[in-house]
Trainee: 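This is the structure I want to talk about, given as structure tokens.
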Amino acid sequence: MATEFHNLQELRHSVSLVTKVFIQRDYCEGTVCRFQTKFPSELDTRIEPTLLEETVKTLNSYYAEAEKIGGQSYLEGCLACATVYIIFLCMETRYEKILKKISGYIQEQNEKIYAPRGLLLMDPIERGMRVLEISVFEDQGSGSSSPSSSMSSAGSSAR
Amino acid sequence: MSAVMITRKVRKWEKLPGKNTFCCDGRVMMARQKGVFYLTLFLIVGTCALFFAFECPYLAVHLSPTIPVFAALLFLFVLAMLLRTSFSDPGVLPRALPEEASFIEMEIEAANGNVPAGQRPPPRIRNVEINNQIVKLKYCYTCKIFRPPRASHCSICDNCVDRFDHHCPWVGNCVGKRNYRYFYLFTLSLSLLTIYIFTFNIVHVVMRSVDNGFLNTLKETPGTVLEVLVCFFTLWSVVGLTGFHTYLISLNQTTNEDIKGSWSGKNRVQNPYSHKNMIKNCCEVLCGPTYPSVLDRRGLMQLSPVSEFSANDTDASPCSSSTDSSNSSKTLPSTKRAILCLHKPRPPPIRNNPTSDDLKASITDTAHTSPAHSQAEESSAAKTPPLATPETDAEASVAKSH
């Protein structure tokens, strides 16, 4: 416990939250879960637009796959109905499987791309699938924005 | 001095806003008023019990033993669908956390520009184009979000529900995206069960009357009269309701949209969500993917007692670890001040995984109170926007009257 405090206080010196940017849902294709690929201006200096666009597009494709209405979803639906939905006690739905993949993907993206740039993506499911929250951090201690070491050390120490 | 941080871990459902009741440690989620739900249960179980007690022995012997078997299966299916509808999360949208709410406020204010003093600001509406149709997204003052298309705020449960159909007192819950198909299957199977019991009641009375006479039959099986009465009234309402929902499903509409006349065809307004094919619409609604709940009811969250300290110290500003005994008005020992700094003075954000995200989230909490971050302080101070009013438009009053 004491060690954790020590680390947190250290981190508090080195990195602080500047702002949070929210990427909203794109409803042009209906109620399917999709996020806007428009690049937020607040992140102009922090990350290349193509990287963020790539992340959002991949997330959108995951959600599209989860919400696809086709053979597999019909089969799952009919099977579940036939077993009076008891089967969901033993089986994970397709949507839940894909949500796990998404969570893994976001973690991987955070580690590789966003944390070195002082950013942090929040899994949309934690925000009710309404927004894609990006926290923008800035290195406080050194004065200049070089958050890579502190952020990655935070990441590695916490795991 | 050693730091003793006494924090309580609670399940998230205990801290969820809204007027729901939770049972079984967050596994069950219902509305507050459950009286009518108990009545529904009583009617179904009671009528079926009478059927099994009075009619089934005679019919099993004189007609076929499959009659009570099928009745039992149907009864179990009805019960399962009812409980599934009543106990599951209908698709509640969690309320916006303070940062998201202030972000949206800033966007709205930027869009509105300067409103002259004394003038009413424009209504908070966002227009989106879905399938060549302009759909208006309304702002919910309670949840502080722009509602997704087809979502609506249930005033009884005080939640925004995705693909809101209606609040059903008979099942004691809202009917929304996640439980609509169970609700439909419940009404459908209940219609079948009612018709089944009604039919076999008549058959039973007729068959027995041939042997014993009508009045004697009624004396021997008094339950029959009750059953016939219940079934007769249930038939009209439930079968009608099933028919209505079948119609809605084939058009991919919700009850809410139907009542408001959203896609009634006036001004060439058409339902943008419909596939224009009845089979496709039915398949989407009934056999679509099973959406997960975005309300993490059973997740754990830290509830620190420090929030009680900070109630007296709401502008708990600076929490740099340098000795600022002058900052907090209380003479707390340094370790407790450190704890104060590590937890923000507002209810903590919902955190799912206590990993690096948690660390960073707690960092963000401290950062919110940093004086360098004046913007956050301004927005946190203006939690309720100056122009926030409860919904006054007609639709809100219609929704409330449901």
Side-chain angles (χ1 to χ4, degrees), chain A residues 1-2 4-5 7-9 11-13 15-22 24-31 66-69 73-74 76-78 80-81 84-86 88 93-96 99 103 110 115 120 122-123 125-131 133 135 137 140 151 154-159, chain B residues 2-3 5 76-77 80-81 84 93-94 96-97 99-100 103-104 128-131 135 137 145 148-150 162-163 181-182 185 272-273 283-284 286-292 294-296 319 321 338 341-342 350-352 355-360 362-364 366-368 370 372-373 375-376:
Chain A
M1 213 34 137
E4 277 182 37
F5 278 168
N7 284 339
L8 278 172
Q9 289 189 15
L11 288 166
R12 235 179 351 97
H13 285 301
V15 72
S16 72
L17 179 76
V18 175
T19 185
K20 284 191 184 184
V21 180
F22 297 93
Q24 304 286 338
R25 282 270 293 270
D26 176 15
Y27 293 115
C28 292
E29 292 185 16
T31 48
E67 298 194 14
K68 197 172 68 167
I69 302 166
S73 78
Y74 292 155
E76 195 182 56
C78 293
C81 184
V84 196
Y85 299 96
I86 292 174
F88 287 150
T93 67
R94 205 170 111 243
Y95 210 115
E96 283 166 357
L99 283 179
S103 154
N110 273 334
L120 180 71
M122 188 68 88
D123 195 334
I125 193 106
E126 296 184 28
R127 294 291 176 261
M129 309 254 277
R130 277 194 321 268
V131 286
E133 184 183 298
S135 307
F137 293 95
Q140 220 179 23
M151 290 299 285
S156 53
S157 62
R159 231 139 267 156
Chain B
S2 59
M5 191 159 76
L76 288 172
F77 189 79
M81 291 300 105
R84 185 102 196 181
L93 295 168
L97 295 174
E99 298 97 7
E100 192 189 333
F103 183 83
I104 296 176
V128 288
E129 194 183 307
I130 302 176
N131 280 338
V135 175
L137 304 186
I145 56 169
R150 312 193 94 175
D162 208 353
R163 202 188 186 279
R181 78 190 64 181
Y182 311 128
L185 288 172
Y273 313 109
C283 288
E284 188 197 307
L286 298 176
C287 302
T290 30
Y291 299 95
V294 296
L295 277 187
D296 184 19
C319 28
S321 65
C341 296
L342 289 168
I350 292 169
R351 290 173 225 148
N352 268 345
T355 56
S356 60
D357 294 352
D358 202 36
L359 264 177
K360 284 163 192 159
S362 47
I363 295 164
T364 68
T366 66
H368 267 294
S370 153
H373 190 202
Q375 194 187 23

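Since we're looking at a predicted model, the values are computed, not measured. Here is how names work: the chains are called A, B, and so on, in the same order as the sequence lines, proteins then strands, and each is numbered from 1. Atom set for the values below is all heavy atoms of this structure, side chains included, hydrogens, waters and symmetry mates excluded.
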Trainee: Pick from A/Y74, A/F22, A/Y95: which one has the most heavy-atom pairs with chain B under 4.5 Å?
Mentor: A/F22
Trainee: With chain A, which of B/N131, B/L93, B/V128, B/I145 has the greatest number of heavy-atom pairs at distances under 4.5 Å?
Mentor: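 Of the candidates given, the most pairs with chain A belong to B/I145.
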Trainee: Would you mind reporting whether B/P289 and A/I69 have side-chain heavy atoms less than 4.5 Å apart?
Mentor: yes
Trainee: Side chain, backbone, both or neither: which part of A/I86 has an atom under 4.5 Å from a heavy atom of chain B?
Mentor: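 For A/I86, neither part sits under 4.5 Å from chain B.
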Trainee: Out of curiosity, B/E129 CD to A/E29 CD, how far, rounded to the nearest 0.5 Å?
Mentor: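 Rounded to the nearest 0.5 Å, the CD-CD separation comes to 12.0 Å.
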Trainee: Check for a donor-acceptor pair, side chain of A/R130 on one end and backbone N or O of B/P94 on the other, with a separation under 3.5 Å.
Mentor: yes
Trainee: Using 0.5 Å steps for rounding, measure from the CZ atom of B/R150 to the OH atom of A/Y27.
Mentor: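 One finds 13.0 Å between CZ of B/R150 and OH of A/Y27.
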Trainee: Contact part of A/A80 toward chain B, heavy-atom cut-off under 4.5 Å: side chain, backbone, both or neither?
Mentor: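 Neither the backbone nor the side chain of A/A80 comes within 4.5 Å of chain B.
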Trainee: Does a salt bridge link A/K20 with B/E100, judged by any charged N lying under 4.0 Å from a carboxylate O?
Mentor: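 Here A/K20 does not pair with B/E100 in a salt bridge, since their nearest N and O are not under 4.0 Å apart.
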Trainee: Under 4.5 Å, counting heavy-atom pairs only, tell me which of B/G288, B/P272, B/A96 racks up the most with chain A.
Mentor: B/A96
Trainee: Go through the atoms of B/L185 and report whether side chain, backbone, both or neither lie under 4.5 Å from a heavy atom of chain A.
Mentor: side chain
Trainee: Need one label for B/L76: side chain, backbone, both or neither, based on atoms under 4.5 Å from any heavy atom in chain A.
Mentor: neither
Trainee: For A/V131 and B/F103: C-alpha separation, side-chain torsions, deciding distance, then whether side chain to side chain contact (heavy atoms under 4.5 Å, CB included) applies.
Mentor: CA-CA 11 Å; A/V131 286; B/F103 183 83; over 6 Å; no
Trainee: Side-chain contact test, heavy atoms from C-beta onward, threshold under 4.5 Å: evaluate it for A/E67 versus B/Y291 and give yes or no.
Mentor: yes
Trainee: Check each atom of A/Q24 against the heavy atoms of chain B and say whether the ones under 4.5 Å are side chain, backbone, both or neither.
Mentor: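 A/Q24 touches chain B through side-chain heavy atoms alone.
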Trainee: Contact part of B/R181 toward chain A, heavy-atom cut-off under 4.5 Å: side chain, backbone, both or neither?
Mentor: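 For B/R181, the contact with chain A is made by the side chain alone.
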Trainee: Tell me, side chain or backbone of A/E76 under 4.5 Å from chain B's heavy atoms, or both, or neither?
Mentor: side chain
